Structures are given as C-alpha cells and as structure tokens.
Amino acid sequence: MRFLSLPMAASLLLLLLLLFAVSDAQQLSPSQVKTLLRLQDLLEYPPALASWSRGTPFCSLPPSASLAVACSGDRLVELVIVGDRLASPSARNALSPAFSSDSLFTTLSRIPSLTTLSLVALGLWGPLPGKVDRFPSLKVLNLSSNFFSGSIPLEISTMTSLQSLVLSGNSFSGSVPDLKPLSSLLELNIGENRLGPEFPSLSNSLVTLVLKNNSFVGKIPASLGAFHQLTILDLSSNHLSGRIPPFLFSLRSMQHLDLSDNKITGQIAGHVSCSNVLEFVDLSNNLLVGGLPSCLGSNTSSRVVLTTGNCLNAGDLRNQHPNVYCDGAALAAVLPPANKISGSKSNVGVILGIFGGVIGGVALLGLLIFLVFRRARSNEPPNAIVLHKPIAAKSLAQDTPRSPIDAGFKYQSARMESIGLTPYRVFSIEELKQATNNFDPSNLFEDSARGQFYKGQLQDGSLIEVRLLKLNPKLLYQNLHQYLELIAKLRHRHVASILGHCITSSQDSVNTTTIVHLVSEHVTNGTLRSHLTEWRKREMLKWPQRLAAVTGVARGIQFLHTVTVPGIVGNHLDIDSILLDKTLTAKISRYNLPVLPKSKNKAGYERPFVPLNDRDDGSVDISDQGEEEDIYRLGLVLLEVITGKHSGSDGDAVSLRSQLHASLLDSPADLKGLADPTIRGTFAVDSLRTAAEIALKCLLVDPSQRPSIDDVLWNLQYSAQIQDGWAMGENSSIQV
C-alpha cells in the first residue's frame, strides 16, 4: 500500500476542509429551513414554493421573476416571493379564512437576518401587525398588491434601517405614521390605498415618494422644498389644491414629477426654472390657467411635459378647457364651508355678496350653455345621441370614497411596484445573443415591414422582445444617438416600454449596414381579447376590470399622441395588440416609432429605420387624420369590451354600432340585454351607458366629429366614478 507524502496529505486535507466550508456556507441552518417550510404552509403553497422540501438547497435556488433567495453563510438575508393572487372586485384571490397575518409575521420574525423582504400578490389579508418591526437589519419591505387593511402600524417608524417601503395596491386606511425617525428611508410608495386626508410627516432624505390615488387634501406642503435628494414625486389622483410651489421644478435631483388629477389652481410663475435632470412632468387634469414657463413650454428629446385638461393658453389649445371652467371651480374651492359662515354682520354680508355673485355667474353660464346646446340640437339628425362631457365640479367619485380594490385595478402596474420601469440602458450584442439563443429562428415571432421580432430572456429572468431594424441610409449617423434619446422616453405604464438598445455594424465590399436592436418588455398574460373569450383558461373580466383596461389604453394613446412632436399616431390599434400583465394592467404592444422631419430643403417626415427585409423604402406618410384613426380603433375595442362580440369586419362593426345606438335610445333593459352576459350584475347602468355613448362617438364616420383622446379619457373616468359610487352602495338610484 502506498502512502501519501506529508505535504500531499496536508494539501488534500486543506482542500477537503475548503470544500466542506463552501458546502456548509451554502446551507441554511435547520431552524431557518424549518421556518421556510412553515412559511410555505402559511402562504398555502403558492406556485413559486410548491416544490420546497427539507432537501431543497435554498441558498442555491436560481433567481426567477417569482422567487429570489439570498444567503450569507447559514443565514437568510433576502426573500422575494411574487404570486398571482391579484386584487379583484371580490376577495376570491385572497388567501383562505384560515390565514393569519399575525402568524405570518411571527414566523418571519424567526429570520431576523433579513435585509430584503418582498411578498407581492400573494393574497395576504388582514391588518398589518405591529411585529412587522422585528427585523433589525431590514432595508427593503415590499408588501404591494395584497389585501392588507386597517391602519399602517406606528411601529413602522421605528425601523431605522429601512430604506425602501412599498405598500401600494392594498386597502390601508387612516393616516401615515410619522416617518421622520427613518433617516435612512430612500423610497416610500404607499399609493392606491385609502390614506388621508392629512399629508404625512416624512423624512427629508427620501429619494422616491409615491402617494398617488389617495384622498390627501389641502396645498402641496412647502416642507418638500427640503427634499434635495428627491428624484421621483408622484402625488397624482388626490384632492390637492392651491398653487404649485415653484421650487418643485428646480429641486436639484428631481427627475419625475406627477401632479395630475388634482384640483391645483392658479398660474405657474413665469420665472420658474427647471432642474437640468428633470425628464417628466405631468400637470394634466387640474385647474391651471395662463401660460407656462419656458422650461415647460414644449416637449423635447430630454423632457416630456403633459398639460392637457387645464385652462392654459399654451400648447395645443384643443386639449384645454375654457377659462370659465377653471375660474368657476377655483372660486367654488375657496368658499368657506357652511359651518364656518358666522361672525359679524360685515363678514356675513361679504359672504352673501360672494355667494350672490357665484349664483349669478352660474345662472349666466347655465343660460349660455342652454343656448349653445339648443343651437347644437337644431343641427343634429333625428334620434342622435348627444354625449355630454362630464365637466361638472361634483360627481359621485368626488363625494364618495373610491373602492380601493377597484382603484388598484385601475392604476396598478406589474413593473411599477415602486415607480417607473427598469432603467433604460444600452445592451451588448452578447447579452442579446444569449437571451435569444443567438437569434434562433424558433424565437422569431414576427418578420414584417415593422421589423424582425425575437423573444428572449435575460439572465435575471426578465422576458424581452428584440426588434431588429436597419438604419435608414438617409439618416446622418450623428443624429442617431439623438433619436435614441427620444426612443428612451417611450416609457409608460400602459405601453409596452422600450428598455434599451444595441447598435451593430457590418460592412461588405460596397456598403456599411448599421443594425439597431430595440429591446422591449415582453408581456405574457395574454391579450385583452383572450381575457374576454377564453373562459376555460382564465377568469373572465367583469365590468370594472374591463373599464379599467380600456381607460389604461386611452391613457397610453394620450401619451403616444403627446410625447413627441409630431405625435405618434396611426398606431393600428386592435384588441389583439392590447396585452394584460399579471396585475391586469393594459399595455399597448404594437405602436409606431417617432418620425423625424426631413432636411431643411425638403418637406415631410422620414423614418430613421427600415426593416431588414427592405419591404419599406423608408418613406412615411403622416396622415392628418392619424389621431382620429386611433380614436376610431379605440371605439372598436370599447365596442367589443361592452358587448363581448368580435367586430373584426366593417360589416360587424356597423351592425354592432347600430344595435348599441338603438339600445341607448330605448330602455335600460335593452342596453343590459346587449351587454356581454359575463358582466351582467357587475355594472351600473349609467356607467355602461356613458361608456357606450363615448364608443359611438369614437365610431362616427366623419373623422372630424370624433372626440379627442382627452374627451374619451374624461368620459371613461366619469364612467368609472359612477361605477365606484354604485359599488360603494351610496347611490341607490343606480340599479342593475
């Protein structure tokens, strides 16, 4: 028998010890393994955890879109679980009555080493217990898209290591705890709950602040001026009033500012300056008047500014209300409440004088509207349906709280759990080859005049689409990068966004060919049509979900029409090109790319790209009716959403349109009879009627008579307000 020499034996022993050390480092302690298996049971075996057992190598599990586990030695430090139990108008997707949120966090507290805990769309319900603070090292807590209710526990403010708190898409109510002690907090996203009306006290170290879709009232607090690190501020869809503090535009780190869908009044000061890094501003659907400062005057390749639905005298005036709309609403907003009208005779006289002036103004406005309406009616054909734009200051949604679960459907976004999408970046060709298996033909799903489209998967598990286009030889190469900066702005929660690009070049004996690869997100939860028809595969969409999807499509079209000049129009929209992600957020997947004006000596526009197969010579015809064509196609989508019937041919569309028109002229029973049987019992008749009226307006034969996209969006939102009021049971006059 041969024996190893002493040096060789020592080396072998050292190698074995290293192997055992590495193996041991990748295994959790038995207590943490037991805790994870207990967690599997508490969460009722979601698909991501279905295969877990005592022998599972938890620390070696490959990360995916639904599960990520990270270890440090024998301790668990990161746990990310994403389920498919999305919020719906019913609680069918919540976990069973046996679930206990208290038991869940009692179990999780046995893993005190966690730095990241993300439990998304798992059907969790009940109050969030105070023991959520039992993680001394926790930096990221994401409990979005669940069914948690009640108030946010005060113990949150004691989690001094917390940097990111995401609680959006639940049913929390009450006010936000004082977060000043959280000096390390960088991101706060608690939108889409029932919080308010008091504006929360916050830590001024925030980088991301999202409070959208709540009930906050009053002015935008001046204390935000101290938030010098703030890059994203989203206060949209609240009840904020007063003027916009000028400092918001000039905060040195501000990149994304959304104040849309509030009651903000007045004029923006002309001397306002904007931060050099400010990329996106949305001021739409407020009560702003006057002009805009120069830095907000128009969209550019580096800054997108949305201002529709105000009373501004700048930009496209077709998308603005008359001044009387904003002046009347602003005056009504500052009148004292009834219980405050007291005091001296002089005060009473002043108040009565103001009140009398308002009454007189309203009477005069009513007379003008009556005369205009009467004149318009005299020019209408018999039996015409008149669509009244719901511009009244009061509506059901303003007087009653919005249903939080329905609101979650309306505004949720699978890729925006905090805010925004994956950052735009430049990809390497090696990454794209690996993602598409070297552009294997089996991954090619479209080869047309629009380009070659390949599906792929990145190393982090993200699904993508790669679109191959050839650079138009007529485009100067130095202009390409400026154009790609414009492409990088095509990012919206209701558009399948472009995530990045890659440029390659090849040269033969004569020419140099430049290929541009555009990388987009790949949405995998089926088309809108499949959710209307494939009842064997998936839950059928009810009316609130359908209305939310179409409203999302309208928002996407509004974005495309305004993000560039000229707008992106003529997008060949149809119900099969509208995709739904896992949160049922609608995304437009097939839309045109921006065009560029030709050289100074030539009129018209040109495409910077041409397909690889040269089916298109690079010319482009920008139709004057491109916007109206998009409106017509949106009407077809809405028609199918209402009736459940396919309107693929012109004959089908005309027949359905005629039936819908007739039902609106007759009784509500006829309209209910024409609606898709799947949605019966889930809609308010007035909500369905409003949607049907705007659909018919979209389908008018004369393009010039079709409504603007802002009018369409306005009416869809009004329809949703009626539906929400009915769902809350606070308007018994609306019946199904």
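In this text, all values refer to a predicted model and were calculated from it rather than measured experimentally.
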J.: Quick one: CG on Leu141 to OG on Ser164, what's the gap to the nearest 0.5 Å?
T.: 8.5 Å
J.: Are any of the side-chain heavy atoms of Leu532 and Arg546 separated by less than 4.5 Å?
T.: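 Contact flag for Leu532/Arg546 side chains = yes.
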J.: Charged N to carboxylate O under 4.0 angstrom, Arg555 versus Asp261?
T.: yes
J.: Hey, does Lys587 have a side-chain heavy atom less than 4.5 Å from the side chain of Glu521?
T.: yes
J.: Could you tell me whether the side chains of Ser577 and Ser589 share a donor-acceptor contact shorter than 3.5 Å?
T.: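 Note: Ser577 and Ser589 side chains miss the donor-acceptor criterion.
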J.: Could you walk me through whether Phe216 and Leu211 pass side chain to side chain contact (heavy atoms under 4.5 Å, CB included), step by step?
T.: CA-CA 9 Å; Phe216 294 117; Leu211 300 174; 3.9 Å; yes
J.: Keeping the roles fixed (side chain from Thr115, backbone from Val77), state whether a donor-acceptor pair exists under 3.5 Å.
T.: yes
J.: Passes side chain to side chain contact (heavy atoms under 4.5 Å, CB included), Phe280 versus Gln255? Steps please.
T.: CA-CA 6 Å; Phe280 178 86; Gln255 299 177 12; over 6 Å; no
J.: Could you tell me which non-hydrogen atom of Ile220 sits nearest to which non-hydrogen atom of Leu235, and how far apart they are?
T.: CG2-CD1, 4.3 Å
J.: Does Asn214 reach the main-chain N or O of Leu195 with its side chain, forming a donor-acceptor pair under 3.5 Å?
T.: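 Present.
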J.: Is there side-chain contact between Leu547 and Ser719, with heavy atoms separated by less than 4.5 Å?
T.: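 Yes - at least one pair of side-chain heavy atoms lies under 4.5 Å apart.
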J.: Report the distance from atom CD of Gln721 to atom OG of Ser687, rounding to the nearest 0.5 Å.
T.: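 Between Gln721 CD and Ser687 OG, I get 10.0 Å after rounding to 0.5 Å.
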J.: Any side-chain heavy atom of Phe105 sitting closer than 4.5 Å to one from Arg134?
T.: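 A side-chain contact under 4.5 Å is absent here.
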J.: Does the Ser66 side chain pair with the main chain of Val82, one donor and one acceptor, at a distance under 3.5 Å?
T.: no
J.: Is the shortest heavy-atom distance from the side chain of Leu528 to the side chain of Leu541 under 4.5 Å?
T.: yes
J.: If every non-hydrogen atom of Arg54 is compared with every non-hydrogen atom of Leu37, which pair is closest and at what distance?
T.: CG-CD1, 3.6 Å
J.: Check whether Asn170 reaches the backbone of Phe172 with its side chain - one donor and one acceptor, N or O, closer than 3.5 Å.
T.: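 No, Asn170 side chain to Phe172 backbone: no donor-acceptor pair under 3.5 Å.
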J.: Go through Thr585 and His494 one step at a time and tell me if the side chain to side chain contact (heavy atoms under 4.5 Å, CB included) criterion holds.
T.: CA-CA 7 Å; Thr585 298; His494 294 297; 3.6 Å; yes
J.: Decide yes or no for Leu499 and Arg425: does some side-chain heavy atom of the first lie under 4.5 Å from some side-chain heavy atom of the second?
T.: no
J.: Restricting to non-hydrogen atoms, name the atom on Leu162 and the atom on Val140 that form the minimum distance, rounded to 0.1 Å.
T.: CD1-N, 4.2 Å
J.: Report the distance from atom CZ of Arg529 to atom CG of Leu580, rounding to the nearest 0.5 Å.
T.: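 The CZ atom of Arg529 sits 13.0 Å away from the CG atom of Leu580.
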J.: For Asn238 and Asn213, which heavy atoms make the closest approach, and how far apart are they?
T.: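 Minimum heavy-atom separation between Asn238 and Asn213: ND2-N, 4.2 Å.
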J.: Just list the side-chain donor-acceptor pairs under 3.5 Å for residues 119-132, sequence neighbours left out, or say none.
T.:
| residue | atom | partner | partner atom | Å |
| --- | --- | --- | --- | --- |
| Trp125 | NE1 | Leu95 | O | 3.1 |
| Trp125 | NE1 | Ser96 | O | 3.3 |
| Lys131 | NZ | Asp102 | OD1 | 3.2 |
| Lys131 | NZ | Asp102 | OD2 | 3.3 |
| Lys131 | NZ | Thr106 | OG1 | 2.8 |

J.: Do Glu187 and Thr208 have side-chain N/O donor and acceptor atoms under 3.5 Å apart?
T.: no
J.: I'd like to know whether the aromatic ring centres of Phe683 and Trp726 sit less than 6.0 Å apart in this structure.
T.: no
J.: Return the minimal non-hydrogen interatomic distance between Phe147 and Arg85, and the atom names on each side.
T.: CE1-O, 4.1 Å
J.: If only atom types and distance count, is the side chain of Asn193 paired as donor or acceptor with the main-chain N or O of Ser171 below 3.5 Å?
T.: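 Pair found, side chain donor or acceptor close to backbone of Ser171.
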J.: Calculate, to the nearest 0.5 Å, the distance between atoms CG and CG belonging to Leu206 and Leu165 respectively.
T.: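 Rounded to the nearest 0.5 Å, the CG-CG separation comes out at 10.0 Å.
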J.: Looking at Thr160, is its backbone amide N or carbonyl O close enough to the side chain of Ser184 to form a donor-acceptor pair, meaning the two atoms are under 3.5 Å apart?
T.: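 Confirmed, Ser184 side chain pairs with Thr160 backbone.
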J.: State which residues pass ring-ring contact (aromatic ring centres under 6.0 Å, His included) with Phe148; sequence neighbours excluded, sorted by chain then number.
T.: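 With sequence neighbours excluded, Phe148 shows a ring-ring contact (aromatic ring centres under 6.0 Å, His included) to no residue whatsoever.
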J.: Quick check: do Leu28 and Cys59 have side-chain heavy atoms less than 4.5 Å from each other?
T.: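 Counting from C-beta outward, Leu28 and Cys59 do come under 4.5 Å.
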J.: Before you tell me yes or no, could you show the steps for Gln32 and Ser113 under side chain to side chain contact (heavy atoms under 4.5 Å, CB included), namely the whole-Å CA-CA distance, both residues' side-chain angles and the distance that decides it to 0.1 Å?
T.: CA-CA 10 Å; Gln32 295 208 349; Ser113 54; 3.7 Å; yes
J.: What closest approach, in Å, do Gly644 and Asp676 show between heavy atoms, and which atom pair accounts for it?
T.: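 Minimum heavy-atom separation between Gly644 and Asp676: CA-OD2, 3.5 Å.
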J.: Return the CG to OH distance between Leu39 and Tyr45, rounded to the nearest 0.5 Å.
T.: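 Rounded to the nearest 0.5 Å, the CG-OH separation comes out at 11.0 Å.
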J.: Measure the CD-CG distance between Gln229 and Leu186 for me, rounded to the nearest 0.5 Å.
T.: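 Here the rounded value is 7.0 Å.
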J.: Mind checking whether Thr678 and Lys542 have side chains closer than 4.5 Å, heavy atoms only?
T.: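 They are in side-chain contact.
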J.: Evaluate whether atom CZ of Arg75 has more than 12 neighbouring non-hydrogen atoms of other residues, nucleotides or ligands under 6.0 angstrom away.
T.: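 Not more than 12 within 6.0 Å, no.
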